[in-house]
Amino acid sequence: MPVDLWGYLRGRGELLTFLTYQHASLALQALVVGSVVAVVIAVLVYRLPFVSALTLTTSRVALTIPSLALLALLIVPLGLGVLPSFFMLAFFAVLPVIGNAIVGLRSVPETVIESAQGIGLSRWRILFTVELPIAWPIILIGIRVSTQMIVGVAAIVAYVLGPGLGSLIFNGLARLGGANALEMALTGTVLIVVIALVFDALLVLLGRLTIAKGLS
């Protein structure tokens, strides 16, 4: 059966724009919350060798949890729709970032910290003006990895009536052989790839604007 993608797209611009916005918005919100949570946890544990090692191991093991299984478990307390979708994505968004944040903070040279202490900076000022800026390039790599993962995983929230482009993909696959089924699934897939590429480009731009030249 020939694929008439342009024929499918005609007259559906408003719907596709809305679904793309939903998908990007959900992924972005989960990424922001997950990244903030990951950095906060890293700040709390990176100076505790045993706890930070346990946190790193736990985050790596947690990545093996099937996303669909976690989503199904979240239906029980949260019901269908946006809430289980958001919490599942935010949970997975934390995992790649937290490891990079811990590694980045632990990689700050002690001599730099001692120099900051020598000029009278407080513990918190050292964290925000010295350690986090030096660790930021490594943290940003974790955020970029998390972004690519979350934008893709966000497609499965269609199983719990979550928002986004996943509904196009799964409706198309469920109707394979029918009219516009393949076009529907292909359109959803391509738009997800476009969102991932746009997000990654924005993060690259953010890195260029926020990473000191000596650290890049």
Side-chain angles (χ1 to χ4, degrees), residues 12 14-45 54-102 139-176 181 184-200 202-203:
R12 292 183 171 87
E14 187 174 343
L15 172 63
L16 295 176
T17 300
F18 177 67
L19 292 176
T20 302
Y21 166 77
Q22 280 190 324
H23 197 100
S25 177
L26 178 64
L28 179 61
Q29 292 175 62
L31 284 163
V32 170
V33 171
S35 297
V36 171
V37 170
V39 172
V40 169
I41 294 173
V43 166
L44 293 175
V45 306
L54 181 62
T55 303
L56 283 170
T57 302
T58 302
S59 67
R60 289 165 184 160
V61 171
L63 274 172
T64 66
I65 297 173
S67 53
L68 191 56
L70 178 59
L71 193 58
L73 291 174
L74 289 172
I75 294 175
V76 178
L78 300 176
L80 299 172
V82 175
L83 277 180
S85 305
F86 173 80
F87 278 100
M88 184 272 290
L89 291 175
F91 172 80
F92 282 110
V94 169
L95 304 179
V97 181
I98 194 169
N100 281 46
I102 291 174
I139 296 172
L140 187 58
I141 291 172
I143 294 174
R144 289 180 65 185
V145 171
S146 183
T147 300
Q148 302 304 304
M149 180 178 71
I150 293 306
V151 171
V153 171
I156 71 165
V157 304
Y159 275 120
V160 295
L161 305 181
L165 294 162
S167 58
L168 282 180
I169 296 172
F170 292 116
N171 286 338
L173 293 176
R175 297 170 47 195
L176 274 181
M184 188 182 297
L186 183 60
T187 298
T189 302
V190 170
L191 288 174
I192 287 174
V193 171
V194 170
I195 292 172
L197 291 174
V198 170
F199 277 8
D200 193 60
L202 291 173
L203 288 172

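All of these numbers come straight from a predicted model, not from anything done at the bench.
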| note | In terms of heavy-atom contacts, P163 and S85 come closest through CD-OG, 4.3 Å
| query | Taking the side chain as C-beta and beyond, is there a heavy-atom pair between L74 and L83 under 4.5 Å? | reply | no
| How far does CG of L56 sit from CG of L95, to the nearest 0.5 angstrom? | 11.5 Å
| task | Could you tell me the separation between the CG atom of L26 and the OH atom of Y21, rounded to the nearest 0.5 Å? | result | 10.5 Å
| request: Give the minimum heavy-atom separation between A158 and S167, together with the two atoms involved. | output: CB-N, 3.5 Å
| How long is the span from the CD1 atom in I41 to the OG1 atom in T58, to the nearest 0.5 Å? | 10.5 Å
| request: Decide yes or no for Q22 and L19: does some side-chain heavy atom of the first lie under 4.5 Å from some side-chain heavy atom of the second? | output: yes
| task | Drop me the distance from R144's CZ to F199's CZ, to the nearest 0.5 angstrom. | result | 14.0 Å
| query | Hey, are the side chains of I192 and H23 touching, using non-hydrogen atoms and a 4.5 Å cut-off? | reply | yes
| Considering all heavy atoms, the nearest I156-S67 contact | CD1-OG, 3.2 Å
| task | For side-chain contact (heavy atoms from CB on, under 4.5 Å), just list the numbers for D200 and T147, CA-CA rounded to whole Å, side-chain angles, deciding distance to a tenth of an Å, and then say yes or no. | result | CA-CA 7 Å; D200 193 60; T147 300; 5.9 Å; no
| request: Measure across I98 and S59 and return the closest heavy-atom pair with its distance rounded to 0.1 Å. | output: CG2-CB, 3.5 Å
| Between V160 and M88, is any pair of side-chain heavy atoms under 4.5 Å apart? | no
| request: Work out which heavy atom in S146 is nearest to a heavy atom in L31; give both atom names and the distance. | output: OG-CD2, 3.5 Å
| Heavy-atom distance under 4.5 Å between the side chains of L78 and F86, does that happen here? | no
| What's the shortest heavy-atom distance between I143 and S35, and which atoms? | CG1-OG, 3.8 Å
| field | Partners meeting ring pair (Phe, Tyr, Trp, His ring centres under 6.0 Å) with F170 (sequence neighbours left out) | value | Y159
| Between atom OG1 of T187 and atom CG of L16, what is the distance when rounded to the nearest 0.5 Å? | 6.5 Å
| query | Got a second to check how far L28's CG is from L89's CG, nearest 0.5 Å? | reply | 11.5 Å
| query | Sequence neighbours excluded, which residues qualify as ring pair (Phe, Tyr, Trp, His ring centres under 6.0 Å) partners of F87? | reply | none
| query | Are any of the side-chain heavy atoms of F91 and I65 separated by less than 4.5 Å? | reply | yes
